[in-house]
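See structure below.
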Amino acid sequence: MTKKVIFSNKWIKLIEKEISVGNKKLKYYLVDKPDYVAIAPVYKNKVLILWQKRYGANKVIKNIPMGILSEGESPKVAVQRELFEETGIHVSRKEIVSLGSSHVSPSFTTIKCYLYMVKCRNNKTALISDIEEKHEIVKTEWIDIKKLESADDIDMTTRLAIAMINKK
């Protein structure tokens, strides 16, 4: 099997793999992105939702905070960093509860998602100062988990988090 990088920048790579099937050579393409964490901040019966501009969907989508792992960073450390960057919420590692992990679209991507829940001590959030986050986040809102089950424009990771929280 041979592997060639077709495109690469700091966020994404497009990889061409050539595989042998019998006596035939087939080309296969993969989107290679860093793994990410998704965090469901919960306060009482509400989940903190970010309304974010999502350029793939070309609209504002409601989702829980999430972000890529830095190289060598553990998922729990990424949870702490991302949650603070996007919401101003500080949490200790013991407040972070794993809801599991899974590969996202493994037929054409390398991405793995680590899903977590954080039980917040209060519903205070802070304004975002990081320009990369600020231009995407339209607003934040604590929404009753029951209302989220049937809400429109929610991404699949957030839907999974809601389902997992309801099982607990």
Side-chain angles (χ1 to χ4, degrees), residues 1-41 47-87 89 91-118 128-138 140 148 152-165 167-168:
M1 172 175 46
T2 61
K3 191 169 148 178
K4 179 169 94 174
V5 175
I6 304 291
F7 172 82
S8 179
N9 67 21
K10 72 178 189 176
W11 296 284
I12 192 169
K13 285 183 192 172
L14 178 60
I15 298 171
E16 177 185 88
K17 282 187 172 184
E18 189 174 87
I19 58 173
S20 297
V21 179
N23 55 356
K24 286 187 174 185
K25 300 255 187 226
L26 301 174
K27 288 185 179 180
Y28 199 83
Y29 296 90
L30 294 172
V31 175
D32 183 30
K33 285 187 60 117
D35 295 342
Y36 72 100
V37 293
I39 312 110
V47 176
L48 182 61
I49 297 295
L50 308 180
W51 299 52
Q52 289 187 278
K53 293 177 189 169
R54 292 301 189 195
Y55 298 103
N58 198 30
K59 61 182 173 177
V60 172
I61 299 288
K62 298 174 204 122
N63 54 248
I64 56 178
M66 53 185 88
I68 63 172
L69 275 76
S70 298
E71 191 172 329
E73 185 178 43
S74 75
K76 281 195 173 183
V77 169
V79 165
Q80 291 174 300
R81 178 181 51 76
E82 283 293 335
L83 194 58
F84 179 73
E85 285 177 5
E86 294 187 357
T87 70
I89 296 172
V91 294
S92 69
R93 287 193 195 163
K94 67 182 178 185
E95 295 171 295
I96 301 169
V97 178
S98 176
L99 297 176
S101 63
S102 184
H103 287 276
V104 179
S105 301
S107 63
F108 67 93
T109 71
T110 61
I111 307 163
K112 186 173 186 178
C113 173
Y114 296 87
L115 186 58
Y116 292 92
M117 175 180 69
V118 172
I128 310 309
S129 60
D130 182 88
I131 191 66
E132 282 190 31
E133 303 293 347
K134 198 176 197 176
H135 88 278
E136 289 183 346
I137 299 173
V138 176
T140 62
L148 286 171
D152 292 332
D153 293 332
I154 292 183
D155 79 306
M156 193 56 71
T157 302
T158 301
R159 287 198 188 283
L160 178 60
I162 292 162
M164 298 291 289
I165 292 167
K167 283 181 136 182
K168 288 196 172 275

CG of Asp32 to OG of Ser8, rounded to nearest 0.5 Å, is 8.5 Å
Would Glu73 and Arg81 pass as an ion pair if we require N to O under 4.0 Å?
yes
Would you mind reporting whether Val60 and Gln52 have side-chain heavy atoms less than 4.5 Å apart?
no
Is there a side-chain contact between Ile39 and Met66 in this structure, where contact means two heavy atoms from C-beta onward sitting under 4.5 Å apart?
no
Rounded to the nearest 0.5 Å, what separation is found between the CG atom of Asp35 and the OH atom of Tyr114?
5.0 Å
Can you see whether Thr158 engages Asn63 through a side-chain donor-acceptor pair at a distance of less than 3.5 angstrom?
no
Indicate yes or no: at least one non-hydrogen side-chain atom of Leu148 is less than 4.5 angstrom from one of Ile154.
yes
Measure the shortest side-chain to side-chain distance between Ile12 and Val31 over non-hydrogen atoms and say whether it is less than 4.5 angstrom.
yes
Working to the nearest 0.5 angstrom, can you tell me the gap between Leu115 CG and Thr157 OG1?
7.5 Å
Shortest non-hydrogen contact between Ile165 and Ala40, atoms and distance
CD1-CB, 3.6 Å
Would you mind reporting whether Ile6 and Lys4 have side-chain heavy atoms less than 4.5 Å apart?
yes
Contact between Ser105 and Ile111 at the side-chain level, heavy atoms closer than 4.5 Å - yes or no?
no
Minimum heavy-atom distance between Leu50 and Thr140, given as atom pair plus value
CD2-CG2, 3.2 Å
Distance in Å, Ile61 CD1 paired with Asp153 CG, rounded so as to fall on 0.5 Å steps
5.0 Å
Take atom CG in Asn9; do more than 12 heavy atoms of anything else shown fall under 6.0 Å from it?
yes
What residues, two or more places apart in sequence or in another chain, satisfy side-chain contact (heavy atoms from CB on, under 4.5 Å) together with Pro34?
Ile68
Would you say the side-chain atoms of Glu82 pair up with the backbone N or O of Pro65, donor to acceptor, closer than 3.5 Å?
no
Inter-residue atom distance Leu69.CG - Lys33.NZ, 0.5 Å rounding
12.5 Å
Main-chain N/O of Ile15 paired to Lys3 side chain as donor or acceptor, under 3.5 Å
no
Go through Ser102 and Lys112 one step at a time and tell me if the side chain to side chain contact (heavy atoms under 4.5 Å, CB included) criterion holds.
CA-CA 6 Å; Ser102 184; Lys112 186 173 186 178; over 6 Å; no
Lys76, NZ atom: more than 12 neighbouring heavy atoms under 6.0 Å:
yes
Residues Met164 and Leu99: closest non-hydrogen pair is CE-O, 3.0 Å
May I ask you to say whether Asp155 pairs ionically with Arg54, meaning some side-chain N is under 4.0 Å from a carboxylate O?
no
If you define the side chain from C-beta out and look only at heavy atoms, does anything of Val37 sit under 4.5 Å from Tyr116?
yes
Taking the side chain as C-beta and beyond, is there a heavy-atom pair between Leu83 and Val91 under 4.5 Å?
yes
Look at the side chain of Thr109 and the backbone N and O of Val104, then say whether any donor-acceptor pair between them is shorter than 3.5 Å.
yes
